[in-house]
Asks: 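Structure in structure tokens, see below.
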Amino acid sequence: MKKFIQFTFILLISFATQAQDKKAKSLLDQVTAKVKSYDNIVIDFKYSLNNSKENINQDSKGNVTLKGNQYVLNFMGMTKIFDGKKTYTIVPEDEEINISTVDEKDDNAVTPSKMLTFFNSGYKYSMDILQNVRGRKIQYIKLIPTNAKDQRKEILLGIDVQTKHIYNLIETGKKGTKTTLTVNSFKTNQPLSKNQFTFVANKYPNYYINKLD
């Protein structure tokens, strides 16, 4: 009888977990659908990196403009432009430009556009806490990488329940490093220049151009 009760208890927990995972998947699907519905997205964000053991505390701000698989990313003093075929990384401090080709079909290729839908594969997920942040309901989903070699222990993805936009992402590494990306501004369908994602070489006359391919 005791074994039967234990089995029943385990079965109930399993059913509850599966139901929770369905809720998490439903919410993630809504986020993906919302992202794909926009013509373009402009995001201002804050990025924090902390490791108490190593006494590391770093904060940076950045912004990214996305349209389809094209993007312009400004972060940590650098600008990265992807025109759909090539990536141009502009480093003013070194007066250098690195040009490389990115295979968008490569699952291992990390781009800003994928950062808004990265969770669609390679993770186990479940509903986590619901928080009230300045009057906004933020539902967190816990993501656990399925690849044992992944150096990340877990990711908490905060989603605005009303807008279905990503509010923040908290990533905890296996060695104790925690990184947090918080979206300060999320604008959609903005008027963009026709040359928004075009690299113009004559803007950087004294820069060294390094072709990596």
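Side-chain atoms are counted along with the backbone in the values below, which use heavy atoms only and exclude waters and symmetry mates.
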Asks: Taking only residues two or more places apart in sequence, or in another chain, which ones meet N206 in a side-chain contact (heavy atoms from CB on, under 4.5 Å)?
Replies: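 Applying side-chain contact (heavy atoms from CB on, under 4.5 Å) to N206 gives E95.
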Asks: Determine yes or no for a side-chain-to-main-chain donor-acceptor pair under 3.5 angstrom, with Q162 supplying the side chain and I138 the backbone.
Replies: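 It does not hold such a pair.
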Asks: Once rounded to the nearest 0.5 Å, what's the spacing between atom CD1 of I97 and atom NZ of K80?
Replies: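 So the gap between those two atoms works out to 13.5 Å.
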Asks: Which residues pass the salt bridge (charged side-chain N to carboxylate O under 4.0 Å, His left out) test with E96, sequence neighbours left out?
Replies: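 Salt bridge (charged side-chain N to carboxylate O under 4.0 Å, His left out) list for E96, sorted by chain: empty.
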Asks: Find out if a path of hydrophobic residues (ILVMFWY) with successive side-chain heavy-atom gaps under 4.5 Å connects V31 to V133.
Replies: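 Cluster IDs for V31 and V133 differ.
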Asks: Describe, in one word, how the ring planes of H165 and F186 are oriented to each other, choosing from parallel (under 30°), tilted (30 to 60°) and perpendicular (over 60°).
Replies: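 It falls in the parallel class, under 30°.
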Asks: To the nearest 0.5 Å, tell me how far L181 CG sits from I166 CD1.
Replies: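 One finds 9.0 Å between CG of L181 and CD1 of I166.
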Asks: Is the backbone N or O of K86 less than 3.5 Å from a side-chain atom of D83, with the two atoms forming a donor-acceptor pair by type?
Replies: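 Yes, because the side chain of D83 sits within donor-acceptor range (under 3.5 Å) of the backbone of K86.
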Asks: If you round to the nearest 0.5 Å, how far is OH of Y167 from CD1 of I159?
Replies: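 That separation rounds to 13.5 Å.
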Asks: Partners of R136 by salt bridge (charged side-chain N to carboxylate O under 4.0 Å, His left out), sequence neighbours excluded?
Replies: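 With sequence neighbours excluded, R136 shows a salt bridge (charged side-chain N to carboxylate O under 4.0 Å, His left out) to D160, given in chain and number order.
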Asks: Does the side chain of D39 come under 3.5 Å of the side chain of N189 through a donor N or O and an acceptor N or O?
Replies: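 Checked: D39/N189 side chains show no N/O donor-acceptor pair below 3.5 Å.
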Asks: List, one per line, each side-chain donor-acceptor pair under 3.5 Å for residues 42-49, sequence neighbours excluded.
Replies:
{"unit_1": "S48", "atom_1": "OG", "unit_2": "D59", "atom_2": "OD1", "d": "2.6"}

Asks: If the plane angle is over 60° it's perpendicular, under 30° parallel, otherwise tilted; pick one for F118 and Y123.
Replies: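 Aromatic pair F118/Y123 classed perpendicular.
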Asks: Do the side chains of Y88 and I209 join up, straight or via other hydrophobic residues, at under 4.5 Å, putting them in one cluster?
Replies: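 Linked within one cluster.
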Asks: Any sub-3.5 Å donor-acceptor pair from K34's side-chain atoms to T163's backbone N or O?
Replies: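 Flag set: sc K34 to bb T163 pair under 3.5 Å.
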Asks: According to salt bridge (charged side-chain N to carboxylate O under 4.0 Å, His left out), who are the partners of D94, at least two apart in sequence or on a separate chain?
Replies: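 Checked D94 against salt bridge (charged side-chain N to carboxylate O under 4.0 Å, His left out); zero matches.
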Asks: Over all heavy atoms of both residues, which pair between R152 and K174 is shortest? Give the atoms and the distance, please.
Replies: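 Closest heavy-atom pair between R152 and K174: O-CE, 3.9 Å.
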Asks: Quick test of your reading of the model: are K25 and D21 salt-bridged, counting only N-O distances below 4.0 Å?
Replies: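 So K25 does not pair with D21 through a salt bridge.
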Asks: May I ask you to decide if L28's main-chain N or O and T32's side chain share a donor-acceptor pair within less than 3.5 Å?
Replies: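 Such a contact is found between T32 side chain and L28 backbone.
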Asks: If you look only at pairs with a residue in residues 176-204, which of them pass as a salt bridge (charged side-chain N to carboxylate O under 4.0 Å, His left out), with sequence neighbours excluded?
Replies: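 Pairs touching residues 176-204 that pass the test: none.
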Asks: Is it true that M78 and Y208 fall in one hydrophobic cluster, defined by side-chain heavy atoms closer than 4.5 Å?
Replies: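 Different clusters: M78 never reaches Y208 through Ile, Leu, Val, Met, Phe, Trp or Tyr contacts under 4.5 Å.
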Asks: Could you report the tightest heavy-atom contact between K153 and I144, atom names first, then the distance?
Replies: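 Heavy-atom minimum between the residues: O-CD1, 3.8 Å.
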Asks: Quickly, which of N74, I41, L192 forms a side-chain contact (heavy atoms from CB on, under 4.5 Å) with T65? Name it, please.
Replies: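 Single pass found, and it is L192.
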